[in-house]
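Encoded as structure tokens, here's the structure I'll be asking about.
In what follows, chains carry the letters A, B, and so on, assigned in the order in which the sequence lines appear, proteins first and then strands, with residues in each chain numbered from 1. It should be emphasised that the depicted structure is a prediction, and the values quoted were computed from it without experimental measurement.
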Amino acid sequence: AQSVTQLGSHVSVSEGALVLLRCNYSSSVPPYLFWYVQYPNQGLQLLLKYTSAATLVKGINGFEAEFKKSETSFHLTKPSAHMSDAAEYFCAVSPNAGGTSYGKLTFGQGTILTVHP
Amino acid sequence: EPEVTQTPSHQVTQMGQEVILRCVPISNHLYFYWYRQILGQKVEFLVSFYNNEISEKSEIFDDQFSVERPDGSNFTLKIRSTKLEDSAMYFCACLGAPSTDTQYFGPGTRLTVL
């Protein structure tokens, strides 16, 4: 079974400040890890993914995340927040192998990011 | 870039009515999924579908739910007798070449059950 915990349902930062959104996972098999962003009244957009290659992953809009197996973490960071980054962010995990659960995403609770001017 | 489409964008129905939510996945993708998101909550897996049959389903996906791929392009989710608690955003997703590790999501259908 897989699960995801996102620490902090709300994170508030000032424009230009560092963004850090925390994600810890639990998985009995090697995972793939993802961060998705959801703007109000919109669908899910992939920010970045970890799929067993480099542990530091760069995504769109200046975001990056580092896979740390020893800490079972996949925290999302951005050096300098923009107003346009305000949205809800979801961390998700899926199995990296075939089988009936292939591709099945298990999501965290989400973190709402607020950016203050 | 290919995209997943869903119709309708918003469906309002009376409790007990049947609804069909439609999705057109990316054409060469082979794995299909439905997820739902109740307002203010996380996205939850409902069902996965491959080779014209269900691969896995969650506890949410009870006998009131069904999926099919009737014509090789559309992928539908049917709720036979809607309940108030079925009100949610329903997302379709698909997976396939060239990126076999990333699901592509549709924009969602907001279902409101009155």
Taking the side chain as everything from C-beta on, heavy atoms only, tell me whether B:F91 gets closer than 4.5 Å to A:Q38. yes
Would a hydrophobic clustering, with Ile, Leu, Val, Met, Phe, Trp and Tyr connected at side-chain separations under 4.5 Å, put A:V19 with A:Y39? yes
Report, in residue-number order, which members of residues 4-16 of chain A are under 4.5 Å from chain B by heavy-atom distance. none
Quick check on the hydrophobic clustering: are B:Y104 and A:V37 connected, directly or via other members, by side-chain heavy-atom contacts under 4.5 Å? no
Would you give the length of the straight line joining atom CG of A:L46 to atom CZ of B:F105, rounded to the nearest 0.5 angstrom? 9.5 Å
With a sphere of 6.0 Å drawn around CG of B:L39, does it hold more than 12 non-hydrogen atoms of other residues, nucleotides or ligands? no
Does any part of the side chain of A:Y32, heavy atoms only, come nearer than 4.5 Å to the side chain of B:T102, both counted from C-beta? no
Under 4.5 Å, heavy atom to heavy atom, which residues of residues 104-117 of chain A contact chain B? A:K104, A:L105, A:F107, A:G108, A:Q109
Under 4.5 Å, heavy atom to heavy atom, which residues of residues 106-114 of chain B contact chain A? B:G106, B:P107, B:R110
Quick check: is B:Y33 connected to B:L30 through a chain of hydrophobic side chains (ILVMFWY, heavy atoms under 4.5 Å apart)? yes
Side-chain heavy atoms under 4.5 angstrom apart, residues restricted to Ile, Leu, Val, Met, Phe, Trp, Tyr: same cluster for B:V43 and A:L47? no
Counting a contact as any heavy-atom pair under 4.5 Å apart, which residues of residues 50-68 of chain B contact chain A? B:S55, B:E56
How about CZ on B:R22, more than 12 heavy atoms from neighbouring residues, nucleotides or ligands closer than 6.0 Å, or not? no
State yes or no: do B:F45 and B:Y31 share one hydrophobic cluster built from I, L, V, M, F, W and Y residues joined by side-chain heavy-atom distances below 4.5 Å, directly or via other members? yes
Exceeds 12 heavy-atom contacts within 6.0 angstrom, atom NZ of A:K58: no
Can you confirm whether B:E3 is buried at CD, in the sense that more than 12 heavy atoms of other residues, nucleotides or ligands lie under 6.0 Å from that atom? no
Pick whichever of A:G43, A:S94, A:G103 has the most heavy-atom pairs under 4.5 Å with chain B. A:G103
Steps toward side-chain contact (heavy atoms from CB on, under 4.5 Å) verdict (B:Q37, A:F90): CA-CA 12 Å; B:Q37 184 182 30; A:F90 291 94; 3.3 Å; yes
